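A short write-up of the structure that comes next.
Atom set for the values below is all heavy atoms of this structure, side chains included, hydrogens, waters and symmetry mates excluded. The model shown is predicted, which means the values in this text are computed figures rather than measured ones.
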Amino acid sequence: MKTRLLELLACPSCGGELRITVSEADPSGGTEILSGRLDCVGCQATFPIRGGVPRLLPPTISGEQEKTATAFGWQWQEFTELYDEYEAQFLDWIHPIQPEFFRDRVVLDAGCGNGRHAYYSARYGARELVAMDLSTAVETAYENMGRLPNAHVIQADIYHPPFKRTDGNGGPFDFIYSIGVLHHLPEPEEGFDSLIRYLRPGGAMFAWVYGRENNGIVHGFINPLRTALTSRMPPSWLPAVAWPMSVVFQGVVKGVYRPVHGTPVFKLLPLNDYLYSLSAFSFRRNYNIVFDHLVAPAAHYLSHDEFEGWFRRAELGEVQITWRNRNSWRGFGRTRSRGHDGGWSKGKTEKAPELEA
């Protein structure tokens, strides 16, 4: 933890000011605090700093959240690697946002996992990049990107973000993004609304979520398997199911989808754009993807109109809802700017073309 992070933080229970007690600083002489404690001036709550990461958790979380955090914590301490290909994947997820968008902005990665997206956000020139996750994945994230000079990692809950707010004027962030996280919450829209409260006036929000449309295989096979069996298993047992499924999956994407791409047959294949996009991945990466689909206690698949409704009900402007691989949704919007009109441009949304049932 870097001491200047305190400029952004507040108690997750009462919103009070936090003060720091340092137990161990970086022995190499750097700016990192490896262990210590944060004390709330208001409610006297205390929060440990362990392994360079402030643990700013609320007093209680729901049973479903705890199960989800346990599952993904195990996953991201098993799949720790950062691959060069992750950069192109990140930019595809957040399209049409480009690297220069991050420059000099204060940015929050809400649900950072092993830090793969936060790493690039920091490298793109964010003034401050905060990577937040509920799970012990923060320990992998800290090792992967926490020592970058403009990066911070915290363990915290999306429903109770531990950040300062200005009365009536939002919070400290210019840009908040959440990729593949909100759809795993017990109440996804509540998590979305919680994050928006910490945007500055005129700040931007981006989210990527699973789509309800064009995911028949998931609804008919993966979800029933996940809910009945795999999400009930200890994560350490799940490789017994996920690994053999990944062998078959790798054979299909490389042996079927890749060779027929660009032919009339390709258009007949289910999830063709999505599965073709995975055909260049290594077995290890696709094994991670299969594991990810099987481990989550909760997974919500959202229609275009449901997802767009989040942005409209939050009164965001410049809203853009776009496809990713025709089976998931990207969403972008802005909070109202300060000024005499308090306004923003309403923008346009991209309707899903020829949606399948």
Side-chain angles (χ1 to χ4, degrees), residues 76 79-133 137 140-141 144-146 148-153 173-183 192 195 199 203-211 253 257-258 261 271-282 284-286 288-289 292 302 304 307 311 316 318-334 347-350 352:
W76 292 120
F79 297 96
T80 61
E81 308 91 344
L82 295 188
Y83 298 99
D84 291 342
E85 295 89 347
Y86 278 159
E87 181 173 17
Q89 190 179 40
F90 176 49
L91 291 174
D92 184 52
W93 259 314
I94 64 173
H95 179 81
I97 295 169
Q98 296 297 309
E100 55 269 22
F101 184 84
F102 292 83
R103 185 164 300 281
D104 295 326
R105 285 184 161 93
V106 180
V107 178
L108 174 64
D109 181 332
C112 65
N114 70 354
R116 56 181 175 164
H117 307 133
Y119 173 83
Y120 290 107
S121 301
R123 293 288 299 271
Y124 292 157
R127 188 182 346 141
E128 305 287 356
L129 182 283
V130 180
M132 177 176 79
D133 205 281
T140 303
N144 281 333
M145 43 67 63
L148 293 174
N150 57 342
H152 314 271
V153 181
F173 294 103
D174 301 301
F175 180 41
I176 296 174
Y177 65 86
S178 186
I179 297 174
V181 175
L182 296 172
H183 52 227
F192 179 82
L195 293 173
L199 283 170
M205 177 72 196
F206 175 89
W208 174 80
V209 298
Y210 294 155
V253 296
Y257 281 75
R258 196 169 189 177
H261 184 253
L271 292 173
N272 47 23
D273 289 338
Y274 172 60
L275 294 183
Y276 174 74
S277 74
L278 306 182
S279 65
F281 288 5
S282 68
R284 175 76 174 171
R285 289 182 64 193
N286 279 330
N288 185 10
I289 290 168
D292 187 88
L302 300 160
H304 173 279
F307 189 43
F311 291 81
L316 298 185
E318 301 180 23
V319 174
Q320 300 176 53
I321 309 295
T322 60
W323 277 122
R324 181 176 185 266
N325 290 325
R326 293 182 57 83
N327 76 326
S328 61
W329 294 112
R330 309 177 182 99
F332 176 91
R334 287 189 184 274
K348 297 180 180 180
T349 66
E350 176 186 303

Exercise. Between Ile97 and Phe175, does a side-chain contact (heavy atoms from CB on, under 4.5 Å) hold up when you go through it step by step?
Worked result: CA-CA 11 Å; Ile97 295 169; Phe175 180 41; 3.7 Å; yes

Problem set entry | Working for side-chain contact (heavy atoms from CB on, under 4.5 Å), residues Trp323 and Asp273 | CA-CA 11 Å; Trp323 277 122; Asp273 289 338; over 6 Å; no

For this session: Check step by step if side-chain contact (heavy atoms from CB on, under 4.5 Å) holds for Val130 and Phe173.
Result: CA-CA 10 Å; Val130 180; Phe173 294 103; 4.0 Å; yes

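Closest heavy-atom contact between Gln320 and Pro96: OE1-CG, 4.3 Å. Of all heavy-atom pairs spanning Val107 and Ala126, the tightest one is CG2-CB, 4.0 Å. Here the closest non-hydrogen pair linking Cys112 and Asp133 is N-OD2, 3.2 Å. Among all heavy-atom pairs drawn from Asn150 and Ala122, the shortest one is ND2-O, 2.9 Å.
Residues Met145 and Leu129 have side chains in contact (heavy-atom distance under 4.5 Å, counting atoms from C-beta outward). Residues Arg116 and Trp76 have side chains in contact (heavy-atom distance under 4.5 Å, counting atoms from C-beta outward). Contact check for Tyr120 versus Ile94: no side-chain heavy atoms found under the 4.5 Å cut-off. Contact check for Leu182 versus Leu302: no side-chain heavy atoms found under the 4.5 Å cut-off. At least one side-chain heavy atom of Phe90 sits under 4.5 Å from a side-chain heavy atom of Ser121. Side-chain contact between Glu81 and Asn288: absent, with no pair of heavy atoms (C-beta onward) separated by less than 4.5 Å.
Atom OH of Tyr119 and atom CG of Asn144 lie 9.5 Å apart (nearest 0.5 Å). Atoms OG and CE, on Ser178 and Met132 in that order, are 8.0 Å from each other to the nearest 0.5 Å. Between the CD1 atom in Ile289 and the CZ atom in Phe281 there is a gap of 5.0 Å [rounded to 0.5 Å]. How far CD1 of Ile321 is from CZ of Phe311: 4.5 Å, rounded to the nearest 0.5 Å. Distance CD1/Ile179 to CG/Asp109: 7.0 Å, rounded to 0.5 Å. Note that CZ of Arg105 and CD1 of Ile176 are 13.0 Å apart. Values are rounded to the nearest 0.5 Å.
In this structure, the ring of Trp208 has its center no less than 6.0 angstrom from the ring center of Trp329. Outside the 6.0 Å centre-distance limit, the rings of Phe101 and Tyr177 are not counted as a close aromatic pair.
For the side-chain hydrogen bond (donor to acceptor under 3.5 Å, both in side chains) condition, the pairs that include at least one residue of residues 85-96, sequence neighbours left out, are Glu87-Tyr124, Asp92-Arg324, Asp92-Arg330.
Side-chain contact check for Ser282 and Tyr83: no donor-acceptor pair (N or O, by modelled atom type) lies under 3.5 Å.
Counting only distance, with no hydrogens or angles, the side chain of Asp104 and the backbone of Arg127 share no donor-acceptor pair below 3.5 Å. No donor-acceptor distance shorter than 3.5 angstrom exists from the side chain of Asn325 to the backbone of Asn327, with no hydrogens or angles considered.
Every residue was checked against the ring pair (Phe, Tyr, Trp, His ring centres under 6.0 Å) condition with Phe332, not counting sequence neighbours, and none meets it.
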